Amino acid sequence: MTASLAHAVPTIPLLINGEFVESRTTHWRDVVNPATQQVLARVPMATPDEVAAAIASAQAAFKTWKKTPIGARARVFLKYQQLIRENMKSLAATLTAEQGKTLADAEGDVFRGLEVVEHAANIGSLQMGERAHNVAGGVDTYTLLQPLGVCAGITPFNFPAMIPLWMFPMAIATGNTFVLKPSEQDPMVTMELVRLALQAGIPAGVLNVVHGGEDVVNALCDHPDIKAVSFVGSTKVGTHVYHRASASGKRVQCMMGAKNHAIVLPDAHKEQTLNALAGASFGAAGQRCMAVSVAILVGEARGWVPELVAKARTLKVGAGDAAGTDVGPVISCAARERVEGLIERGIAEGARLELDGRKPALDGVLREGNFVGPTIFSGVKPGMSIYEQEIFGPVLCIAEAETMDEAIAMINANPNGNGTAIFTQSGAAARKFEEEIDVGQVGINVPIPVPVPLFSFTGSRASKLGDLGPYGKQVIMFYTQTKTITARWFDDDVSTGVNTTISLK
Ligand code: NAD
């Protein structure tokens, strides 16, 4: 960006100790509308001192926040959910401008996060300990689920509303304080949500935000005052974060990359299945961690490719804020080049290009955008680059199997285990699938089975590191430390004498 333009573009502040402050860094990057390349804002790469100040403010706020009554904490999130609802349209507009997904899908992104906020307003009963009377004569044992202290969250670009809301509401509602590091590619809607959180009554220091990339993430992983790190993003970065933060003694949960397969059995409801596949493969331009990126057609379903291609052809590529758009741009020029490069490799490695979405026809300023239209390959096999890599674009790979057993074996042999689905009208086949498949989220005639917050998000194998998933019951255990109290209250003056054994009497 030229120096004169730089002044016209707003800067994104840090949030430290309840104040939105301008970073003193000399390193900034542009936040760009991926449909038009318009520069929307500049985001700072925070300095080490700023990261330290955010952590210190969270550490100081923890002293009082951890003792704030459960009901008072819950009421902040009751107010917060109302504010998010009231601001849904403007949140979605910001999200679409910086991320590219359609306005309706952007509202879905906010809504799936809002559901976690509603749960956070209501989690008192999940943070209760257990109690047993008379574990020995006159001795009782009970547990406390106490907050850990300062927790950190590192989030990806593809759900800039939902994923930050997976993290800080549950951490804060359970009595912790938080330092959030949003994606530097689209931090604007995250900051709008943070402003609303303060408006809802989150006190100074309880929620802090720093921006940046690798250096800031490493500083969060290393800092001794941070007790737990939640990460969502790619497998490469998540694996690094898991090892680095674990090495400094933190609790860590990393939800990572995917290659989600759907099995289509020949008895599936054809029209519903093809609609579901097209929506789940090309929605959000294929940039969902739960997007269907491989369809395994079994038996006679192998003949359904032309009808799937015909459906994909009808999807409209364009700006997310334009009426009728089905598929928006991918996040950056680099992402578009990567997706196009993988399409070329798919052709070179022998897959059949049934539908080519490269360089879709667009008018005016959109010609500058990062667009790739729906793309379908058939004849895809393990070993091909388009099968082995997470493409994270609107590209569906179609593979074939003779039997359902063969299809299950293929999915279980893939390193990723984030999401999967089966399309069938057979209860017995669905039951076998749910039992034998080694994947975290399993859909039965549901293409994108993201769990609602009464449950937790999970993942198998390379898609997840750490035992406990984000939101839901599991995250209560993640964000709290169990303390076990064993108590005896003497009710007379009779001495029982010195007991040198381990047994309680
Ligand atoms: P990413 O890994 O590039 O970035 C995630 C976060 O890590 C960002 O905040 C980024 O600033 C930071 N980061 C980037 N490079 C880093 C480095 N070298 N060292 C330390 N930190 C670094 O991921 P992304 O491209 O923003 O998101 C897409 C990925 O996230 C996909 O792989 C997708 O499958 C995955 N994802 C997974 C889930 C899930 O729940 N499993 C959900 C959403 C997205």
Side-chain angles (χ1 to χ4, degrees), residues 12 27 29 31 34 43-46 51 98-101 109 112-113 116 152-167 179-187 190 209-222 229-245 252-260 284-293 330-332 334-336 338-339 389-393 414-420 439-441 448-451 455-466 468-472 474-475:
I12 310 241
H27 298 289
R29 62 166 281 166
V31 179
V43 62
M45 304 289 112
V51 176
E98 63 179 341
Q99 203 277 346
K101 62 180 72 174
D109 189 330
R112 295 306 301 259
V116 181
I154 300 153
T155 56
F157 80 83
N158 66 332
F159 280 97
M162 177 183 82
I163 292 177
L165 292 176
W166 277 6
M167 296 180 183
V179 179
L180 176 66
K181 206 300 288 172
S183 171
E184 69 279 29
Q185 298 196 80
D186 49 10
T190 316
V209 184
V210 290
H211 301 288
E214 184 173 357
D215 292 345
V216 170
V217 169
N218 286 341
L220 295 173
C221 291
D222 294 345
V229 174
S230 301
F231 171 90
V232 179
S234 63
T235 303
K236 182 166 171 262
V237 177
T239 304
H240 162 76
V241 165
Y242 185 81
H243 292 302
R244 187 150 179 157
V252 197
Q253 54 175 196
C254 294
M255 314 309 294
M256 303 183 291
K259 193 80 182 176
N260 306 311
Q287 299 175 113
R288 295 181 181 129
C289 67
M290 290 287 284
V292 170
S293 49
V330 295
I331 187 72
S332 62
R336 178 179 51 74
R338 195 177 154 274
V339 173
Q389 294 188 33
E390 183 181 28
I391 300 175
F392 227 54
N414 189 282
N416 299 284
N418 201 43
T420 189
V439 173
Q441 275 69 227
I448 304 190
V450 176
F455 299 88
S456 302
F457 199 89
T458 175
S460 293
R461 299 175 282 139
S463 293
K464 182 180 172 216
L465 282 168
L468 298 166
Y471 68 83
Q474 290 185 21
V475 93

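All ligand and atom numbering here is 1-based and tracks the order in the structure. Residue numbers start at 1 and run along the sequence shown. Keep in mind the model is a prediction, meaning the values are calculated, not measured.
- Nearest to atom 22 (C) of ligand 1 among the protein's heavy atoms is V237 CG1, 3.4 Å.
- Under 4.0 angstrom from ligand 1, the non-hydrogen atoms of M256 all belong to its backbone.
- Judged by distance alone, the side chain of S456 and the main-chain N or O of Q474 form a donor-acceptor pair under 3.5 Å.
- S234 N, 3.5 Å is the protein heavy atom nearest to atom 23 (O) of ligand 1.
- Checked by atom type and distance alone, the side chain of N260 never pairs as donor or acceptor with a backbone atom of S293 at under 3.5 Å.
- With I331, V217, T235 as candidates, the residue nearest to atom 21 (N) of ligand 1 on a non-hydrogen basis is V217.
- Q441 places no side-chain N or O within 3.5 Å of a backbone atom of V450 that could act as its donor or acceptor partner.
- Contact annotation for atom 18 (N) of ligand 1: protein present (non-hydrogen atoms, distance under 4.0 Å).
- For the residue pair N416/N418, the side-chain donor-acceptor check at 3.5 Å is not satisfied.
- Under 4.0 Å from ligand 1, not a single heavy atom of R288 appears.
- Distance from atom 31 (C) of ligand 1 to its nearest protein heavy atom, with residue and atom name: E390 OE1, 3.5 Å.
- The minimum heavy-atom distance between H211 and P44, with the atom names listed, is CB-O, 3.1 Å.
- Remark: side-chain polar atoms of R338 are not paired, donor with acceptor, to backbone N or O of F392 under 3.5 angstrom.
- Of the protein's non-hydrogen atoms, F457 CE2, 3.2 Å is the one closest to atom 40 (O) of ligand 1.
- Inclusion of K181 in the set of residues having an N or O under 3.5 Å from an N or O of ligand 1 is warranted.
- Residue contacts with ligand 1 for F231 involve side-chain atoms from C-beta outward but no N, CA, C or O (heavy atoms, distance under 4.0 Å).
- No heavy atom of V241 sits closer than 4.0 Å to any atom of ligand 1.
- Atom 36 (N) of ligand 1 has its closest protein heavy atom at C289 CB, 3.5 Å.
- For atom 26 (O) of ligand 1, the closest non-hydrogen atom on the protein side is F157 N, 3.0 Å.
- Under 4.0 Å from ligand 1, the heavy atoms of I163 that appear belong solely to its side chain.
- Remark: distances from the non-hydrogen atoms of F392 to ligand 1 include one below 4.0 Å.
- For atom 8 (C) of ligand 1, the closest non-hydrogen atom on the protein side is T155 O, 3.2 Å.
- Here the heavy atom of the protein found nearest to atom 27 (O) of ligand 1 is P156 CB, 3.3 Å.
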